[in-house]
Amino acid sequence: MAKTIYVLNGPNLNMLGTREPEIYGRATLADVEKLCADTAACFGLTADCRQSNREGELIDFIHDAHAKRAAGIVINAGGYSHTSIALHDALVAAGIPTVEVHISNIHAREAFRHHSFTASAAFASLCGFGIDGYRLAIDGLAARIGAVKSGEKVKS
Ligand code: CA2
């Protein structure tokens with residue numbers, strides 16, 4: 001059976017494509033989720049994409065990923081990235097290879113966005129690539145967990 005990766009998006013990301021296109025672009029969350037599903041499929045992976053505006057529900061998603069033995073997590077915790085020790089703790093406890101994504105370059109924005117609690121629970125972080133960051137994150141996650149692109153040979 002195909003391995004599953006969880007793609008988790010946090011608060012306000014359901015609003016993508018409706019406001020602040022100069023920062024977040026014009027793609028919608030549905031576009032992001034399709035990009036993730038298509039990219040994951042290239043590696044023979046299934047993407048379980050979820051979004052919540054509630055911190056506790058995002059923690060429940062991480063617990064679910066652990067219970068279901070997910071192969072990886074891609075997370076954009078939105079504003080909670082900068083505030084949530086609870087999300088950090090859930091990711092560490094889950095022990096699942098995780099990549100953090102931010103659509104915008106958080107380091108080129110307000111000082112309160114420069115620190116991310118979720119970053120230190122991830123093996124890699126990407127920011128500033130727009131929604132392409134999700135594709136790059138899945139690419140890197142696939143390499144980390146040994147998922148090979150269909151049609152590509154494993155190097156000996
Ligand atoms: O750059 C990112 O991906 C962020 O995680 C997005 C968060 C922000 O709080 C982080 O600092 C960086 C906010 C997401 C809000 O998304 C919206 C998009 C369009 C319209 C309204 C909100």
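Everything quoted here is computed from the prediction, not taken from an experiment. For ligands, and for the atoms within them, numbers begin at 1 and follow the listed sequence.
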Practice item. State plainly whether the residues Asp48 and Lys68 are in salt-bridge range, i.e. N to O under 4.0 Å. Key: no
With the criterion set at N/O pairs under 3.5 Å, what does the list of contacts between the protein and ligand 1 look like, atom names and distances included?
from	atom 1	to	atom 2	distance (Å)
ligand 1	1 (O)	Ile103	N	3.2
ligand 1	1 (O)	Ser104	N	2.8
ligand 1	1 (O)	Ser104	OG	2.6
ligand 1	3 (O)	Asn76	ND2	2.8
ligand 1	3 (O)	Ile103	N	2.7
ligand 1	5 (O)	Asn76	OD1	2.8
ligand 1	5 (O)	His102	ND1	2.8
ligand 1	9 (O)	Gly79	N	3.4
ligand 1	9 (O)	Arg113	NH1	3.0
ligand 1	11 (O)	His82	NE2	2.7
ligand 1	11 (O)	Arg113	NH1	2.8

Mutual orientation of the aromatic rings belonging to His82 and His102 [parallel < 30°, tilted 30-60°, perpendicular > 60°] | parallel
- Could you tell me whether a side-chain N or O of His114 sits under 3.5 Å from a main-chain N or O of His107, the two making a donor and an acceptor? yes
By side-chain contact (heavy atoms from CB on, under 4.5 Å), Asp38 pairs with (sequence neighbours left out) Lys34
| said: Heavy-atom count check: over 12 atoms from other residues, nucleotides or ligands less than 6.0 Å from Phe129 CZ? | reply: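 Count not over threshold, so no.
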message: Other residues, nucleotides and ligands only: do more than 12 of their heavy atoms fall within 6.0 Å of CZ on Arg109?
response: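 Counting other residues, nucleotides and ligands, CZ of Arg109 exceeds 12 neighbours.
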